[in-house]
There are 2 protein chains.
Amino acid sequence: MTTTRKVTSLDVAKRAGVSRSAVSRVFTPGASVSERTASKVREAASALGYRPNVLARAMLTGKSKIIGLVVAYLDNHFYPTVLELLSEALEREGYHVLVFMAAHSTDDVEDVVSQILDYQVDGLILASVSLSSDLADRCRASGVPVVLFNRKLEAEGELAVVSDNRMGGRLAAEHLISLGRNRIGHIAGWEGASTQRDREAGFMEGLRTAGLGLFAREVGDYRLPRAKEAARRMFDTPDRPDAVFVANDYMAFGVMDVLRSELGLRVPEDVALIGFDDVPSAAWPAYGLTTVKQDAEAMVSTTVDALLSEIGGTEVLPPAPLPVTLVRRITA
Amino acid sequence: MTTTRKVTSLDVAKRAGVSRSAVSRVFTPGASVSERTASKVREAASALGYRPNVLARAMLTGKSKIIGLVVAYLDNHFYPTVLELLSEALEREGYHVLVFMAAHSTDDVEDVVSQILDYQVDGLILASVSLSSDLADRCRASGVPVVLFNRKLEAEGELAVVSDNRMGGRLAAEHLISLGRNRIGHIAGWEGASTQRDREAGFMEGLRTAGLGLFAREVGDYRLPRAKEAARRMFDTPDRPDAVFVANDYMAFGVMDVLRSELGLRVPEDVALIGFDDVPSAAWPAYGLTTVKQDAEAMVSTTVDALLSEIGGTEVLPPAPLPVTLVRRITA
DNA sequence: TCCCTCACTGCATGCGTTTGCACGAGACTG
DNA sequence: CAGTCTCGTGCAAACGCATGCAGTGAGGGA
């Protein structure tokens, strides 16, 4: 194994007959270099295969050009989509994404965030994890901008990008009611999540406006097995709902499978089903899930804008909840 | 915005009344420190909220503890699963994952890999992207171990982790034949991929052994829209196959949707369908996709083992293809 | 008591960059 | 022709840490 010594700016400098500074300036956009030396340097650099060491640069400038992303799970197809979008958007801006998986538990997140900060990330995106406000403080203390994605902190002006979940819940209720259903149930996600609270609040609001109450309620924790159990509890009885709002699409798939395959119920004839998110597979004919669509692209670009502004030093005020829309397919 | 100065090892040293070296040693497992100073340092450190700067450490030691991962797409559910597993496994070993999205095109990959190397990653995982052997050389030249995931290079001893795709293809053929089908088609993935070539080769082998030929063939490029078009071309005709092997599950879902929803064909009665991968949603009752299972966990742990050994300096020989198994559900 | 050993500690150097500062050389101006 | 600007360049000092080396002291054996 021929140990290929790493080629540094000094090597390039020597070959081009200039100083290290000159080399550095050539690779620093907007620095003052004559075209003559610039071309000499570029030539030497490519001959030697030189590329600036991002880490070394990061030490001096304090800007690592890396963004930490904490995400709780990837099995819900919403998040891979988001990750892809996020990564592409950030790459376009010269940043890269360091990914961390975190369990739900707050102390795990605590630990994970500490680890991220060790990498001197320029910013932090917390997708779908709950952040103690204590932790939020610690991040701010390290001077690292944080933005929450698809989750908000009830506290003060924390930067958080969310859809209008309340309105979404309301739309779901109104739609089910417009279908003439009146025994309407709800399968909730994880109750620690702001998304869940807001969606349910809006949903209840919608029911109440129509003079209805909740017919049944179970908790699925945003997890597939739990959601299926919830569905069994809710529907394996004669006195079952004729419609259900499931707090996200991922769980809705499980619920639908239980309804059709296990319980032999017809969707939507026996029970109307509506989800939340509009993940790609919701549109697949096998499900054809009616759902409340979150605009992932808008969420991502809002997130990136906010984060980059903060990094740039601009104090940015919390973005407004993004609009959601009802996507009507066949399940409701 | 109170600019909180970054707390360095010197701050801790001063507060604990020791030298920077002492502090450093406390945070370096296996270094020689007395318990007395160690505890003083730890106390000072936690009081100040000190954590070693990974980037600075990386400069000295040459080990950044970061692994670059380039992945082509995340819409195929196989990859999010892998990403999650990979990230968890590496975190367990003290590494973290820097993610890069790459298009199919080789020159894009080229560019992406250059960017990754700028970050001084300790290792590189190329998932589902094709690597020119030229590029492989360049990586080796920078001394960064590379392992290909779910793709192999026909060339020499490149480190590549793959399933026994050939055997998988064979299993698929044998299964369809055992069902009594004899007009058997194939919807291929991207033909530039070794997985595609191997799966098809095995499949053809299986057919040939039974004295059969391929009844029809279309290309889906591992992309959903293409796969659906392929399915339409193949099946929207009276003279259609009675069974089809689709090169991965993701495309198989699309194919199935076309068969059932667009063409009104019954699966498996009219046409038997078998996929490849066994992504989680293949098991969902709405699809119940019969498929050849790749053992994602084994693939990941093999990948991590190989990569970490290489990083550790152990010359490791290319791992053998991992076993696949037929998972029989309802579509075939 | 003396010397050797050993566990610990501090000093100083270096990792590969960026960047403020000073300096030389032209290019202009009056 | 002297003075002022400007542009381009090199020097050297950081950035935050790890680590070889030398030095300290305590403990132990003879």
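Proteins come first, then strands; the chains are lettered A, B, ... in the order of their sequence lines, and each starts at number 1.
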When rounded to whole Å, the CG to C1' distance for the pair A:Leu60 and D:dC15 reads 5 Å
**Asked** What is the nucleic acid contact for B:Ser21, judged by heavy atoms within less than 4.0 Å: base, sugar-phosphate only, or nothing?
**Response** base
Looking only at C:dT19, D:dC17, D:dG16, the nucleotide nearest the A:Thr61 side chain is C:dT19
B:Arg25 CZ to C:dG10 C1', in whole Å, measures 8 Å
inquiry  = With a 3.5 Å distance limit and no angle check, can you tell me whether B:Ser64 reaches the backbone of B:Gln120 through a side-chain donor-acceptor pair?
reply    = yes
With respect to the phosphate group of C:dT9, does any side-chain polar atom (N or O) of B:Ser34 fall under 4.0 Å of OP1 or OP2?
-> yes
- Looking at every strand, decide which applies to A:Thr8 at a 4.0 Å heavy-atom threshold: base, sugar-phosphate, or nothing. sugar-phosphate
For this session: Could you check whether the rings of B:Tyr119 and A:His96 sit parallel, tilted or perpendicular, using 30° and 60° as the cut-offs?
Result: perpendicular
- Query: Below 4.0 angstrom from OP1 or OP2 of D:dG8, is there any side-chain N or O of A:Ser32?
  - Reply: yes
Once you apply a heavy-atom cut-off of 4.0 Å, does A:Val33 come out as touching a base, just sugar-phosphate, or nothing?
sugar-phosphate
Is there a side-chain contact between A:Leu126 and A:Phe149 (heavy atoms, below 4.5 Å)?
no
Phosphate-side-chain proximity, A:Thr37 and D:dG8, N/O vs OP1/OP2 below 4.0 Å: no
Between OH of A:Tyr50 and P of C:dT17 the distance, given in whole Å, is 3 Å
Sorted by position of nearest nucleotide on DNA chain C, 5' first, the leading residue of B:Ala38 and A:Ala22 is B:Ala38
Check your understanding: Base, sugar-phosphate, or nothing for A:Arg51, non-hydrogen atoms under 4.0 angstrom?
Key -> sugar-phosphate
* Asked: Hey, does B:Ser9 reach any base, or is it just sugar-phosphate, or nothing, if we go heavy atoms under 4.0 Å?
  -> sugar-phosphate
Have a look at B:Val18 and say if it touches a base, only the backbone sugar-phosphate, or nothing, with a 4.0 Å heavy-atom cut-off. sugar-phosphate
Mind running side chain to side chain contact (heavy atoms under 4.5 Å, CB included) on B:Val71 and B:Leu83 for me, showing each step along the way? CA-CA 9 Å; B:Val71 53; B:Leu83 171 52; 5.9 Å; no
Quiz item: Side chains of B:Tyr222 and B:Thr195: donor-acceptor distance under 3.5 Å anywhere?
Solution: yes
Rounded to whole Å, CD of B:Gln120 lies from P of D:dG16 at a distance of 19 Å
Here the distance between atom C1' of C:dG14 and atom CZ of B:Arg20, to the nearest Å, is 12 Å
Here the distance between atom P of C:dG16 and atom CG of A:Asp11, to the nearest Å, is 9 Å
A:Leu10 CG to D:dG10 P, in whole Å, measures 12 Å
When rounded to whole Å, the NZ to C1' distance for the pair B:Lys65 and D:dA18 reads 15 Å
